[in-house]
Student: 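Below you will find the structure I want to go over with you.
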Amino acid sequence: MLEVDALKKSYGALVAVNGVSLHAAAGETIGLLGPNGAGKTTTVSMIAGLVRPDSGSVRIEGRTLAGDTDPNKRRIGLVPQDLALFDELTAQANLELFAALYDLDGAAAKRAIGEALELVGLADRTNDRVKNYSGGMKRRLNLAAALLHDPQILLLDEPTVGVDPQSRNAIFDNLEVLKQRGKTLVYTTHYMEEAERLCDRVIIIDHGKVVADDTLQGLYRLLPVTNLLAVELDDTRDGDGNDGLRLNELQALPGVRSAKLEAGTLRVGVEDLATETPRILQWLVERGHLYHHVASERADLETVFLTLTGRSLRDA
Amino acid sequence: MMIPFRALVRKDVQLFFVDRRALLMSFAIPIAIGSFFGYVLGGAGDQANQSKIPVLMVDQDRSAISQEIVKQLSGEKALDVKTSTPSEARAAVRKGTATVAVIIPPNFGQAAGAAFFGPEQKPEIAVLFDPSHAAERSMVTGILTGDVMQAVSKEMFTGQTGREMVKDSLAQVEQSQGLAAEDKKTLEDLLRSVDRWNQQSGQSASGGLSSGLSRGLTMPYTTHEEAVTARRNVQYNGYAHAFAGMVVQFVLFLGIDVGIGLLQQRQRGLWKRFRAAPLSRGLLLGSRAVSAAILAFLVVQVNFLFARLVFGVRVEGSMAGFLGVSAAFAVMTAGFGMLVATIGKTPEATRGLSIFATLIVVMLGGAWIPMFLFPQWLQKLTVIVPTRWAMDGLEAMTWRGLGLEAAVAPIAVLLLFAAVFGGLAVARFRWEAEG
Ligand SMILES: Nc1ncnc2c1ncn2[C@@H]1O[C@H](COP(=O)(O)OP(=O)(O)O)[C@@H](O)[C@H]1O
Ligand SMILES: [Mg+2]
């Protein structure tokens with residue numbers, strides 16, 4: 001469906017994208033995860049034919065785009081990172097324009113606009129000016145505008161930035177519907193939980209380079225530990241009241257990979273939750289550490305990114 | 001191909017009409033400034049109503065001659081003459097409430113009479129003037145010359161003082177040593193003849209001698225003044241010029257907005273959305289150029305419609321020519337707007353630069369100050385600015401009342417500028433924003 005090979009793009013001395021490849025089959029959702037400035041937007045722009053790559057290729061259904069007017073562009077729907085809407089016009093007027101860009105007018109445009117608005121749940125607000133929409137509604141309209149010509153491939157460039165959790169969920173529901181309809185999604189984000197929720201495969205990029213490219217399970221396998229035991233302690237001192245928790249002793253236990261104390265919560269990375277949990281709790285009790293809550297956690301993509309780059313996604 | 005093109009053009013037109021700032025800049029402001037300028041530039045050409053030059057007369061002589069001068073001046077159509085005192089007159093000119101003050105000194109009549117024939121020292125008339133009105137000063141001194149000549153000569157040939165003065169002059173000439181014998185003889189003959197004339201006209205005062213020398217020496221001609229435009233009873237209309245000027249200026253501002261808008265779109269996602277669609281670059285830029293031309297044409301028409309309804313500015317010349325010049329100017333504006341989008345890196349920098357450039361060409365095009373007030377060399381030089389041709393074309397078709405043939409050159413030149421601007425713009429336009 002979509003084959004992207006070794007894309008490269010430099011702006012002056014800055015290498016914005018440095019050898020990004022991705023392959024997406026029909027119905028597959030690929031996540032492009034990376035911090036701000038990683039090169040996600042530039043990659044998406046090259047796929048959509050807006051930016052000419054310095055090298056590498058993009059093939060859609062086996063064919064590269066031949067110029068601005070290549071009809072194959074109709075297979076792509078682009079949801080730009082910036083809200084690409086005319087604030088002063090109504091939602092209806094905006095969508096009529098965007099439908100017309102793909103030669104849709106009259107009844108065909110009307111049907112397409114109706115369906116798109118239905119999907120994103122804005123059918124009752126079509127005659128409002130966009131400037132009167134909330135941030136979340138604008139994001140949903142931004143998505144709807146890319147769906148009018150019924151593209152097979154959707155390029156979603158951070159489609160949820162700056163929206164409230166409720167709108168984000170609404171957008172996710174929309175995307176899941178599109179996924180079920182068999183669309184191919186390329187989803188860029190710097191929120192790891194979004195990539196986790198939606199994507200079949202995640203490509204992690206940093207400074208324009210791919211640092212990991214795998215299924216979720218595959219990525220988790222990159223982690224030293226995937227299971228964490230989180231224990232909220234009453235008190236980090238031991239029973240005698242004068243000595244702290246001895247993390248190095250804890251780490252020395254068989255089956256324990258890591259131990260970290262943060263804000264009264266002890267996180268222990270273990271190989272096997274079932275066998276290590278009782279042992280760790282017993283170790284704590286023996287040393288007089290009282291706890292009031294125990295939970296198990298899974299390592300997430302944030303940890304994967306941290307492990308791969310030594311930096312956190314958000315402050316990268 | 002037509003569906004996206006039409007939709008893109010329609011979108012630009014829609015956006016124009018919901019943009020309050022754009023409407024203000026295209027209609028309210030040019031109409032306001034045009035009305036003001038038009039009023040100042042002489043309004044709707046009612047010549048009778050043209051303002052008279054305020055002149056203060058100070059007669060310190062009070063002789064028959066000086067009184068005759070005041071009477072003559074007061075009768076001039078172009079002047080609004082009031083009498084005054086020397087100090088008041090000077091103060092009034094300094095304040096600008098009077099443009100010119102004319103002071104006739106004591107003994108002027110006597111001295112002028114003596115100097116009329118004889119070699120006496122000529123008396124002086126003081127003319128005080130406001131330096132910001134040099135043109136009016138020249139006009140007043142011109143009129144004054146004629147009037148003084150008439151008043152003095154009339155007195156010399158027919159008046160009481162004149163008779164005595166002629167006799168005095170005769171005596172002086174006879175005693176004079178410095179004159180060549182031949183000249184002396186001629187002068188004596190002349191003065192004796194005048195004296196004889198005076199005797200006769202005195203005896204037959206009612207003898208119907210109201211013509212000839214009894215009126216004094218007058219200018220041997222009068223003027224018939226007529227404002228020349230292509231047809232009779234078409235008159236200069238200050239509003240026609242002012243509206244043409246403001247329309248040219250603010251339509252170019254509209255062009256700047258078009259260019260800036262393109263830059264802003266390029267910075268934002270909208271441009272990506274347009275470019276993601278299977279549309280050629282020519283179509284994307286072309287639709288913006290076409291919508292710009294349509295809007296520019298509309299702005300010209302609406303402003304002139306207002307001028308017509310409110311100030312009676314008519315297309316006295318060819319309507320086809322007027323529409324043609326408007327359309328060519330609109331197309332030129334579209335090309336200019338496209339060109340604006342290729343200068344400067346950021347929209348802000350571009351705006352500053354292009355407003356500056358626009359004001360210069362608007363000024364040189366005669367949109368503020370009418371072209372005919374420019375020095376000759378500058379009038380010749382300004383053929384290189386497109387605004388000059390727009391102004392010429394619009395003025396030719398409105399108050400000058402010229403025919404279609406007078407619109408051909410402006411239309412051709414404006415279209416040529418449009419082609420050059422558009423070509424440059426397409427060659428230089430950067431499709432991707434720089435980060
Ligand atoms: N048009 C451009 N000109 C110059 N530099 C650019 C341009 N577009 C992007 N960049 C740079 O390339 C890098 C990658 O940008 P981008 O693809 O937008 O990253 P992301 O979308 O992951 O935040 C950034 O350092 C950015 O500043
Ligand atoms: Mg981005």
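Naming: A, B, ... by sequence-line order, numbering from 1 per chain.
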Student: Could you state the interatomic distance from CD (B:Gln265) to CZ (A:Phe86), rounded to the nearest 0.5 Å?
Tutor: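 Rounded to the nearest 0.5 Å, the CD-CZ separation comes to 4.5 Å.
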Student: Can you say whether A:Asp70 sits under 4.5 Å from chain B via the side chain, the backbone, both, or neither, judging by heavy atoms?
Tutor: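 For A:Asp70, the backbone is the part near chain B, not the side chain.
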Student: CG of A:Leu89 to CG of B:Leu15: how many Å apart, nearest 0.5 Å?
Tutor: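 The distance works out to 4.5 Å.
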Student: Using non-hydrogen atoms only, which part of A:Ala99 is less than 4.5 Å away from chain B: side chain, backbone, both, or neither?
Tutor: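 Neither part.
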Student: Which one wins on heavy-atom pair count under 4.5 Å against chain B: A:Gly77, A:Ala109, A:Ala145?
Tutor: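 If we count pairs closer than 4.5 Å to chain B, A:Ala145 comes out on top.
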Student: With salt bridge (Lys or Arg N to Asp or Glu O under 4.0 Å) as the criterion, how do B:Arg281 and A:Asp68 come out once you've worked through the C-alpha distance, each side chain's angles and the decisive distance to 0.1 Å?
Tutor: CA-CA 7 Å; B:Arg281 298 174 177 203; A:Asp68 289 329; 2.8 Å; yes
Student: Write down the atom of B:Gly269, the atom of A:Ala84, and the distance for their closest heavy-atom approach.
Tutor: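 So the two residues come closest at C-CB, 3.5 Å.
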Student: Identify which part of A:Leu83 has an atom lying under 4.5 Å from any heavy atom of chain B, answering side chain, backbone, both or neither.
Tutor: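 For A:Leu83, the backbone is the part near chain B, not the side chain.
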Student: Quick one: does any side-chain atom of A:Lys73 pair with a main-chain N or O of B:Leu279 as donor and acceptor, under 3.5 Å?
Tutor: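 No, A:Lys73 side chain to B:Leu279 backbone: no donor-acceptor pair under 3.5 Å.
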Student: Give, as side chain, backbone, both or neither, the part of A:Thr42 having an atom under 4.5 angstrom from any heavy atom of chain B.
Tutor: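 Neither the backbone nor the side chain of A:Thr42 comes within 4.5 Å of chain B.
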Student: How long is the straight-line distance from CZ of B:Arg275 back to CG of A:Leu78, given to the nearest 0.5 Å?
Tutor: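 So the gap between those two atoms works out to 11.0 Å.
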Student: Using the side chain to side chain contact (heavy atoms under 4.5 Å, CB included) rule, take A:Leu101 and B:Leu8 through it: C-alpha gap first, then chi angles, then the decisive distance, then the call.
Tutor: CA-CA 8 Å; A:Leu101 297 183; B:Leu8 286 165; 3.9 Å; yes
Student: Whether the side chain of B:Arg6 engages the backbone of A:Ala100 through a donor-acceptor N/O pair (distance < 3.5 Å, no angle test) should be reported.
Tutor: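 No.
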Student: Which bit of A:Ala146 comes within less than 4.5 Å of chain B, counting heavy atoms only: side chain, backbone, both or neither?
Tutor: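 Contact with chain B is through both the backbone and side chain of A:Ala146.
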Student: Given that the side chain runs from C-beta out, which part of A:Leu14 has a heavy atom under 4.5 Å from chain B: side chain, backbone, both or neither?
Tutor: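 Neither part, no heavy atoms under 4.5 Å.
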Student: Does any heavy atom of chain A fall under 4.5 Å from the side chain of B:Phe5, the backbone, both, or neither of them?
Tutor: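 Contact with chain A involves no heavy atom of B:Phe5 at all.
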Student: Between B:Leu284 and chain A, which part of the residue has a heavy atom less than 4.5 Å away: side chain, backbone, both or neither?
Tutor: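 For B:Leu284, there is no contact with chain A at all, as no heavy atom is under 4.5 Å.
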Student: With respect to chain B, which residue among A:Asp105, A:Leu65, A:Asn94 yields the maximal number of heavy-atom pairs within a distance under 4.5 Å?
Tutor: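 That would be A:Asp105.
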Student: Side chain, backbone, both or neither: which part of A:Ile76 has a non-hydrogen atom closer than 4.5 Å to chain B?
Tutor: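 Nothing of A:Ile76, per the 4.5 Å heavy-atom cut-off to chain B.
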Student: Dump the intermediate steps for side chain to side chain contact (heavy atoms under 4.5 Å, CB included) on B:Arg273 and A:Leu85, then the final yes or no.
Tutor: CA-CA 9 Å; B:Arg273 184 154 269 159; A:Leu85 301 165; 4.1 Å; yes
Student: Less than 4.5 Å to any heavy atom of chain B: does that hold for the side chain of A:Asp157, its backbone, both, or neither?
Tutor: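 It is neither, since no heavy atom gets under 4.5 Å.
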